Peer 1: 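One structure, pasted below without further comment.
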Amino acid sequence: MLPLPLPVEKALEKLGRDLSYARRRRHLSQAMLAQRIGTSERTVRRMEAGDPAVALQYVARAMHVFSELERLASLIDSSQDSIGLMLMDEKLPERVRQRKGDADAGAF
């Protein structure tokens with residue numbers, strides 16, 4: 001397995017801290033959160049420590065408990081992917097020709 005890049009490690013640690021803050025602000029113990037997301041208390045501790053081996057589903061389940069799941073769902077919004085859209089635009093054809101016998105090929 002490749003070593004974790006430092007920025008990824010730091011981001012996971014911050015995510016874990018933020019999940020811990022969200023849990024404590026709602027007055028939930030680690031055991032209570034574990035029960036709600038269907039895992040062990042040990043997994044919650046590892047998640048809050050930023051352990052990269054914790055399955056993403058448990059992070060998503062915790063965010064659902066905290067009513068923050070929409071934030072996860074919008075992390076990589078393809079309509080906002082400026083680099084991806086730019087790369088796609090570079091591959092657009094210079095000209096578009098109508099095929100023979102295809103009278104209604106346009107969008108209008």
Side-chain angles (χ1 to χ4, degrees):
M1 184 186 264
L2 290 175
L4 210 54
L6 186 60
V8 173
E9 186 178 326
K10 295 297 179 189
L12 289 174
E13 288 172 0
K14 181 185 181 311
L15 177 60
R17 266 192 320 274
D18 291 345
L19 289 168
S20 176
Y21 291 149
R23 175 185 58 77
R24 290 182 287 150
R25 287 177 180 141
R26 288 161 177 80
H27 302 283
L28 294 172
S29 68
Q30 287 179 333
M32 292 166 69
L33 179 59
Q35 182 179 24
R36 288 190 182 186
I37 66 175
T39 192
S40 67
E41 193 174 338
R42 182 174 183 268
T43 298
V44 170
R45 280 194 302 272
R46 289 177 39 235
M47 180 176 63
E48 291 182 355
D51 185 338
V54 172
L56 181 59
Q57 71 159 319
Y58 296 118
V59 174
R61 287 173 184 242
M63 291 181 75
H64 179 66
V65 167
F66 303 144
S67 299
E68 296 287 350
L69 192 56
E70 278 303 310
R71 294 176 73 182
L72 179 64
S74 65
L75 277 180
I76 300 185
D77 182 355
S78 63
S79 68
Q80 302 298 316
D81 181 7
S82 57
I83 294 172
L85 292 170
M86 183 176 61
L87 291 170
M88 283 176 51
D89 287 349
E90 287 178 359
K91 293 183 179 184
L92 286 176
E94 290 294 318
R95 300 185 322 189
V96 177
R97 295 183 183 155
Q98 186 174 353
R99 295 181 189 161
K100 292 182 182 180
D102 197 7
D104 191 26
F108 297 103

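Only a predicted model underlies this, so the values are computations on that prediction, with no experimental measurement involved.
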Peer 1: Nearest 0.5 Å, what's the CE-OG distance between Met47 and Ser20?
Peer 2: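 Output value for this atom pair is 9.0 Å.
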Peer 1: Between Gln30 and Glu48, do the side chains contain an N or O donor and an N or O acceptor separated by less than 3.5 Å?
Peer 2: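 There is such a pair between these side chains.
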Peer 1: Counting heavy atoms not belonging to Glu41, are there more than 12 under 6.0 Å from its CD?
Peer 2: yes
Peer 1: So, Arg23 side chain and Leu28 main chain: donor-acceptor pair closer than 3.5 Å or not?
Peer 2: yes
Peer 1: Could you grab the distance from atom CG of Leu72 to atom CZ of Arg61, nearest 0.5 Å is fine?
Peer 2: 13.0 Å
Peer 1: What is the distance from atom CG of Leu87 to atom CD1 of Ile83, rounded to the nearest 0.5 Å?
Peer 2: 7.5 Å
Peer 1: I need the Tyr58 OH to Leu33 CG distance, nearest 0.5 Å.
Peer 2: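 Here the rounded value is 12.0 Å.
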Peer 1: Is Ile76 atom CD1 crowded by more than 12 heavy atoms from other residues, nucleotides or ligands, each under 6.0 Å away?
Peer 2: no
Peer 1: Please report the shortest heavy-atom distance between Leu12 and Pro52, naming the atom on each side.
Peer 2: CD1-CB, 3.6 Å
Peer 1: Report yes or no: does Arg36 contribute a side-chain atom to a donor-acceptor pair with the main-chain N or O of Met32 at less than 3.5 Å?
Peer 2: no
Peer 1: Could you check whether any side-chain heavy atom of Val44 comes within less than 4.5 Å of a side-chain heavy atom of Ile37, counting everything from C-beta outward?
Peer 2: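 In short, these two side chains touch, coming nearer than 4.5 Å.
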Peer 1: Is the number of heavy atoms from other residues, nucleotides or ligands under 6.0 Å of Leu75 CG greater than 12?
Peer 2: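 It does: Leu75 CG has more than 12 such atoms within range.
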Peer 1: If only atom types and distance count, is the side chain of Ser74 paired as donor or acceptor with the main-chain N or O of Glu70 below 3.5 Å?
Peer 2: yes
Peer 1: Rounded to the nearest 0.5 Å, how far apart are CZ of Arg45 and OG1 of Thr43?
Peer 2: 9.0 Å
